[in-house]
Novice: 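Pasting a structure here, questions to come.
Residue numbers begin at 1 in each chain, while the letters A, B, ... track the order of the sequences.
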Number of protein chains: 2
Amino acid sequence: MTSSRTGAAGLAALASLVADETRAGFLLALLDGRAWTAGELARHAGVAASTASEHLGKLVAGGLLAEERQGRHRYVRLADARVAQLVEDLAAQVTPSAAARPRTLRAAGAGSAMARGRTCYDHLAGRLGIAVTDALTGLGLLRQDTGFALTDEGVSWFEGLGVPLVRTGRRPLARACLDWTERRSHLAGVAGAALCRHALDAGWCVRIGSERAVKVTGRGERALAELLGIQPDTLR
Amino acid sequence: MTSSRTGAAGLAALASLVADETRAGFLLALLDGRAWTAGELARHAGVAASTASEHLGKLVAGGLLAEERQGRHRYVRLADARVAQLVEDLAAQVTPSAAARPRTLRAAGAGSAMARGRTCYDHLAGRLGIAVTDALTGLGLLRQDTGFALTDEGVSWFEGLGVPLVRTGRRPLARACLDWTERRSHLAGVAGAALCRHALDAGWCVRIGSERAVKVTGRGERALAELLGIQPDTLR
DNA sequence: CGCACACTTCGGCGGGCGCCGAACTGTGCG
DNA sequence: CGCACAGTTCGGCGCCCGCCGAAGTGTGCG
């Protein structure tokens, strides 16, 4: 009983960090995988700098964020891929109900860039992420029927792309991440991150503004069609 | 911005449900996969019945719990496997730090039954869960090197056991679930649930008390040794 | 029926927490 | 230097929320 009590206290403490709208907004913003300054986050959330500072202190103390001080700036980012996954999972749990379709076309337009393509911390999501995942599966590079794992051919494919996959720590080579716009799993893990990095490096897609949305370039359309047989229409 | 705001509000609202120690205790208790009455949970958490009632109302309204009324009893259970996974993931995130080893031998003894073997909602965890997962992997029935998926031989093995695996909805056949005592992944998903159910049905293990802990029986030791080559010592 | 019991509703209390502005620290720049 | 600016600390305000006990509802049982 005592041990379950302390377990409950810890669980509640962790959830408390996310249970505030301002802090939740910070975490969602940081899902782009980059480091933000305290001031940027404060403006993004519409709170005073002092308020943001206190929130960041809690999130760092709670192990959800990592910080890096540079001069008079305090940069923060999600602590690691595991925290990012947790935030994604929580967000995915919410949106099914909050997925109430936007009423106005304007609002629909605002969300549709995110729906077309975005990053999930360090891998691709949205229609773009799903298209890539489906293509890999169709080509026999990824198995989804009995779990979620690359095939040996899949590992070779990444090597052929010039992006060898190296396991780091406990992170799996391939992992399923639930997509909150498509309601299906897309590729995460080491392979998902490697592919996303390569896509950005090679100019297959570029970030839009300061949000998580990405846009597929003409070069990207050609590369995805050639390498994975993805029809450009799929991505629009 | 507006859309990210509402996303943050939803995320915070979900986390708020878990951010209370009493409600967190309910969720952890319900991780045994069974239905509890409101009164049982109230006593378990040490709060008044009226307090528990209010908490249950929120958890049900938030979609985390499903309820079933029978006469004057209100039975609640976790809404589905997805919620169970979320709670497990959150709990796993906490315990690495809270894994501070218990000081007294008495406390160590209390926790060790859970560490030896327990259920995680509907599949096996603890040393028992890890041993089974490792054995399946060693026999080539489960692949963990490139993700987490059963092999074709693995699917056949379950059929041979008399437990055919049927996919229901989106739930994957095999999924990795992070074990908070062993700090490694064990088998979850349809296969994990089927194996756990079979283990309980066939008397390989029995539940201890009203908690999640399970104990491997003599019959279970023989079956696990014969079918998977698991040494009984591994489980003690 | 009428009692026992599980659960719910309500009012009220108290503590915790998020918010801000003002004052302070520390960094960069001219 | 001295100013501008990022971030922090602090005090105080107000609200939200979890808690309880008392009263109310509905079910089962003798």
Novice: May I ask you to evaluate whether K58(A) reaches the phosphate of dG18(C), defined as a side-chain N or O under 4.0 Å from OP1 or OP2?
Specialist: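 Yes, such a contact exists.
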Novice: Between the base of dG21(C) and the side chain of S50(A), is there a donor-acceptor distance below 3.5 Å?
Specialist: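 Answer yes: a donor N or O sits under 3.5 Å from an acceptor.
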Novice: Quick one: does NZ or CZ of R118(A) land under 6.0 Å from the six-membered ring centre of W180(A), within 45 degrees of the ring axis?
Specialist: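 Yes, a cation-pi geometry holds between R118(A) and W180(A).
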Novice: What nucleic acid atoms does A38(A) come within less than 4.0 Å of, heavy atoms only: base, sugar-phosphate, or nothing?
Specialist: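 It contacts sugar-phosphate atoms only.
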Novice: What is the distance, rounded to the nearest whole Å, between atom CD of E68(B) and atom C1' of dT27(D)?
Specialist: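 Answer to the nearest Å: 17 Å.
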Novice: Where does the angle between the aromatic ring planes of H123(B) and H186(B) fall among parallel (under 30°), tilted (30 to 60°) and perpendicular (over 60°)?
Specialist: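 H123(B) and H186(B): tilted rings.
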Novice: Between atom CD in E54(B) and atom P in dC17(D), what is the gap in whole Å?
Specialist: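 The answer, rounded to whole Å, is 12 Å.
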Novice: Once you round it to whole Å, what is the distance between P of dC7(C) and CD of E67(B)?
Specialist: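 Answer to the nearest Å: 11 Å.
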Novice: For Y75(B) and for H55(A), locate the closest nucleotide of DNA chain C by heavy-atom distance; then report the residue assigned to the nucleotide nearer the 5' terminus.
Specialist: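 Comparing both residues, the 5'-ward one is Y75(B).
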Novice: Can you give me the closest heavy-atom contact between A91(A) and L11(B), atom names plus distance?
Specialist: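 The pair with the smallest heavy-atom distance is N-CD1, 3.9 Å.
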Novice: Whether the side chain of R72(A) and the base of dC5(D) hold a donor-acceptor pair under 3.5 Å is what I'd like checked.
Specialist: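 Such a pair exists between side chain and base.
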Novice: In whole angstroms, how far is the P atom of dG18(C) from the CD atom of E21(A)?
Specialist: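 To the nearest whole Å, that distance equals 12 Å.
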Novice: Rounded to whole Å, please give me the gap between CZ in R74(B) and P in dG26(D).
Specialist: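 Result: 15 Å.
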Novice: Does T22(B) contact dG18(D) through a side-chain donor or acceptor facing the base, at a distance under 3.5 Å?
Specialist: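 Not at all, since no donor on one side and acceptor on the other fall under 3.5 Å apart.
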Novice: Using atom CZ of R69(B) as one end and atom C1' of dT25(D) as the other, report the distance to the nearest whole Å.
Specialist: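 So the two atoms are 12 Å apart, to the nearest Å.
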